[in-house]
Novice: 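One structure follows; several queries about it will come next.
Counting from 1, the numbers follow the sequence of the chain as shown.
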Amino acid sequence: MARSINESGSSWVFPDGPLEEIASRCDVITAASLVGSCKFYHDSATQSVALPASQPFGMPCVLHTHQTEVPPAHNPFSRVHKFKQQGAQKDKQHDAKDRKGTLCQLTPLDRISSDAVIPDGGTGMWAGANGDWIALLGFPWNWELVNVYTGRRIPLPPISEFKSTPDKLVFESNDQHLQLLKIAICRVPTAASNYTSFSVLAIFNAAIAVLHCASSRWTVLDNQFLAYGYSDAIIHKGIVFAVTQTGEVYAWNQLSWGPLLISTAPIPPELDEQGRYNLGSWWLARSPDGSRLFLVHTWGVTDGRDYTGLVRILPAAATSEGRHGRTIRGYGKGLLGCEVYSMDTSQLMPPRPWRRIISLGSYSLFLGVNYPIILPVEDGAEHDRPNMARSNSVYTSHHAVGLAYPPSPEICRFSLNSEDCTVGFQTNIRWTWRQVPLWLIPSFANARQWNLPSRHRLCRGGGEGHWEALTGDNTDLIAAHLDVTYTVRLAACSRELYDRISKDEGKMHHWGEPCLLMPPPAYWFDEHWDWATASRLHDTVYDLVPLDHPRRSVALPFMHDRKWLGANGDWIAAADHHGYQWCLVNVYTERHIPLPSLPASKIDHSSFSYQPAYSFNWGPAIDLLKIVICQVPTKGGRYADYKLIALFDKTIFYLEGGGDWRMLEALTPAPDYPNYCDAIELGGHVFAVDETDGSTYFWDTANENLMLPFVIPPPVVDDQQYAWFLAPSADGKRLMIILTVNKIGIANAEVPPDIPYAANGLQLRQYPPVATYVFELDPLSTARAGDFLWRQVNSLSDHSLFLGLNYPIIANLKKRESKAPDGTLVPFMRKNCVYTAYRNIRYNQYPKILRCNLQPDEGETVGVISLPKDGWDSVRQAAMWFKPALNIARSVLPLKKQ
């Protein structure tokens, strides 16, 4: 498997191969689209051994509505949509740019269901499928064929003889109501015909219409002999065949004759006598070589209606077992059944008789709203149990769209082996879905067709134009379904992909915008959290939440059994849950840099209840607050040029890459230790602020002996309790100190109500105004003069500060407003504001995340983000600010286009 190689020859971008890495994080449809985007991936996929293990390519699957009903703001697969501000509604006309994808499920027969994102049809319904194409029904007469991999859409004309009604499935013709059953895509559009030539059948209960070209008209096939409604229809050797609900088969040759009744139902006597065929369905299909016409009759499947006067066959399940997340039920002999008949249609006047098929050999049939699928299926066993996927079987799903009652069982396997019973399962928990399940085989076999007839071909080489086949829309769709880290890896594959993703035309990523890095909502619990039995799913997958946009996922595999202690840029400082081993890890490359242990001569380290515990060797316990990454490791410095501060409440340790931790002594003797709350490094000096009174200590790190520090008096002296933060100025030359009131609230300890924010699913609150101040000074020049004078900063201009567990982020928000036009809380991201999050890994502040305007209007409230729980225990992470960026992808791009 080819890999993306950077200038130094390493292959961090996709250590297990680019195709498998990305495909494992895409839904199956998006993965197939990616495989077909260029010859590089296409050739890799055809040779890949690991790819089939991650995606069900080539397997018959049931495509159905996703089982979870998640509001769009919380649905990760709805992130490709454009979200408006709270209370805004989407345009009713469903702009095409908003219709990126719909989350569905693909259920293979012998695997756990996979997510599938298919092109969104707005309010459309699936009405048929064949190969790469599905038929979508809109209202009124908004019918179209859609390629599930490329999103190509072919509108279908209305049937001029029929009049639409308020029900999109019901039409009127000559005072007769016609119910649409499905659209049979008999011949799919191809690039060779410029997607203008195809054959589709619109099958109604009492009419059939045929269309061979998007620019032509539908032809309604008359049938004066019809006594019962139609059940199914196909085109076989240029002739239209249709079967009724009672098994009569009619044929039309559009050029010369029709309709012709070629047969009545070939019902075995034992079924005819019991009337069981009245409870069955009739299907048409073709033989594997396409030479013969198949007629299939299934019976015993009920749909909940009242069959008074008929012998109703109740499919009571004899056996059931749970497999792959679904319940498989077996039905005894005589309860459900299936017959398959074959006819040679080379002679229809008079027609030849039907011949009973007792075996399909290695083939199986898949029937439903989709066009009939017949393909070889390998038999196998899993843990001594037979697979659901079997040869010589007939699989059925719904026979029509818009059924008032679901069939029971919904998905059936009828075996033509007399010794096997019929088995079945349901796709959804309850019958509330507007989409009908149908059979679909995910595949990239037609990838070359997807890239024609335009110049966006599968290139024969790896040079110019290698990625041209991957359109901008597909890039957005693929990136939208990857987590943030793998989107960066995708961008690092080629300059073309980097350019497309960096433009972020879909507005999904918001590169360079500070976001909240936090555990997903499912990770917050009120009850005690047992870390030993916790699901490992959320150990490595977190939420990255922009303040005014839908949240995205970020995969951090290195965080398994770790807690983060701080962050800066692309790097996170982490420790194991015992706190013994510290390290730096790059979020995107996963480069791991172990850190030395604290000096045993100074610090004693132990662990209690999976919480790291530290103490001075001479007595008092000390608390680790955070690791401040003052300078990140770089490639130019061989990743040994980092600078770190280990901030404890009573002491500070400083580390430069390649060295050992050095303890920074304070002036105060024991037991009057300082009460540190924040620290940074600026210009070769370490600064730490004391929470007790706001005094700031600073040490010259160039002095190996680290002499006692200077002390800078606080800018404000009063009786108010403040939360103190340190940060560099925007130009990095001055030290800033930020102070906000430590506790906020309203009279009588009342808690304001939560305000749901539809943009990202967060809960907002409004609190009374809070005093927030920013001061700055040039520490070096004032130290030489011996006069430390803080200067108040009244405005951050186009910038905002983001403070917390992370290294301070100073974001340029020039395009943002400083206030909401209507005085509301949203948009929450604004310039000239100070945002604070968790101050350290232990601090249980409340409320958690604040936004304070430096120049508030009279009566302007403080915006607060309310998180699900006040505190966190040993396995939870404190939310912090993180700014996703593509810079690292650009720095490792291949010298030549891939």
Novice: Working to the nearest 0.5 angstrom, can you tell me the gap between Asn794 CG and Asn832 CG?
Specialist: 9.5 Å
Novice: Do Leu644 and Trp661 have side chains that approach each other closer than 4.5 Å (heavy atoms only, starting at C-beta)?
Specialist: yes
Novice: Roughly how far, to the nearest 0.5 Å, is the OG1 atom of Thr861 from the CG atom of Leu825?
Specialist: 5.0 Å
Novice: Rounded to the nearest 0.5 Å, what separates atom SG in Cys852 from atom CG in Leu801?
Specialist: 11.5 Å
Novice: Any idea which heavy atoms bring Asp660 and Pro596 closest together, and the distance?
Specialist: OD1-CB, 4.5 Å
Novice: Given 3.5 Å as the limit, does a donor-acceptor pair link the side chain of Gln631 with the main chain of Asp641, or not?
Specialist: yes
Novice: Contact between Phe882 and Val587 at the side-chain level, heavy atoms closer than 4.5 Å - yes or no?
Specialist: yes
Novice: Before giving the answer on side chain to side chain contact (heavy atoms under 4.5 Å, CB included), spell out for Leu735 and Phe775 the whole-Å C-alpha distance, their side-chain angles and the decisive distance to 0.1 Å.
Specialist: CA-CA 8 Å; Leu735 175 69; Phe775 297 87; over 6 Å; no
Novice: What is the minimum heavy-atom distance between Thr485 and Tyr588, and which atoms define it?
Specialist: CA-CD2, 3.9 Å
Novice: Any chance you could measure Phe653, atom CZ, to Met663, atom CE, to the nearest 0.5 Å?
Specialist: 5.0 Å
Novice: Please list, chain by chain and in numerical order, all residues satisfying ring-ring contact (aromatic ring centres under 6.0 Å, His included) with Phe687, sequence neighbours excluded.
Specialist: Phe698
Novice: May I ask you to test the Val585-Ile593 pair for a side-chain heavy-atom distance under 4.5 Å?
Specialist: no
Novice: To the nearest 0.5 angstrom, please state how far the CG atom of Asp649 sits from the CG atom of Asn840.
Specialist: 9.0 Å
Novice: Can you see which heavy atom on Ala723 is nearest to which on Arg839, and at what distance?
Specialist: CB-NH1, 3.7 Å
Novice: Considering all heavy atoms of both residues, which atom of Phe802 and which atom of Leu547 are nearest to each other, and what is their separation?
Specialist: CE2-CD1, 4.4 Å
Novice: Using the salt bridge (charged side-chain N to carboxylate O under 4.0 Å, His left out) definition, which of the options Arg816, Lys815, Arg552 pairs with Glu513?
Specialist: Arg816
Novice: Do you know which two heavy atoms are closest between Leu796 and Ser800, and how far apart they sit?
Specialist: CD1-CA, 4.3 Å
Novice: Please examine the side chains of Ile755 and Pro753, heavy atoms only from C-beta on, and report whether any two atoms are closer than 4.5 Å.
Specialist: no
Novice: Does the side chain of Pro728 reach to within under 4.5 Å of the side chain of Met736, using non-hydrogen atoms?
Specialist: no
Novice: Which heavy atom in Asp548 sits nearest to a heavy atom in Ala759, and how many Å separate them?
Specialist: O-CB, 3.5 Å
Novice: Can you tell if the side chain of Ile652 reaches within under 4.5 Å of the side chain of Ile645, non-hydrogen atoms only?
Specialist: yes
Novice: Rounded to the nearest 0.5 Å, what separates atom CG in Leu544 from atom CG in Asn760?
Specialist: 11.5 Å
Novice: Tell me whether Asp798 is salt-bridged to Lys831, with the criterion being a basic N under 4.0 Å from an acidic carboxylate O.
Specialist: yes
Novice: Is there a side-chain contact between Arg830 and Tyr835 in this structure, where contact means two heavy atoms from C-beta onward sitting under 4.5 Å apart?
Specialist: yes
Novice: Please output the side-chain donor-acceptor pairs of residues 674-682 that fall under 3.5 Å, not counting sequence neighbours, one pair per line with the distance.
Specialist:
residue: Asp678; atom: OD1; partner: Lys626; partner atom: NZ; Å: 2.9
residue: Asp678; atom: OD2; partner: Leu726; partner atom: N; Å: 2.9
residue: Glu681; atom: OE2; partner: Gly684; partner atom: N; Å: 3.0

Novice: Go through the steps for Arg551 and Asp543 under the test salt bridge (Lys or Arg N to Asp or Glu O under 4.0 Å), then give the verdict.
Specialist: CA-CA 6 Å; Arg551 64 182 65 199; Asp543 275 358; 2.8 Å; yes
Novice: What about the rings of Trp564 and Tyr542, do their centers lie closer together than 6.0 Å?
Specialist: yes
Novice: Are Arg591 and Tyr639 in a cation-pi contact, defined as NZ or CZ under 6.0 Å from the six-membered ring centre and within 45° of the axis?
Specialist: yes
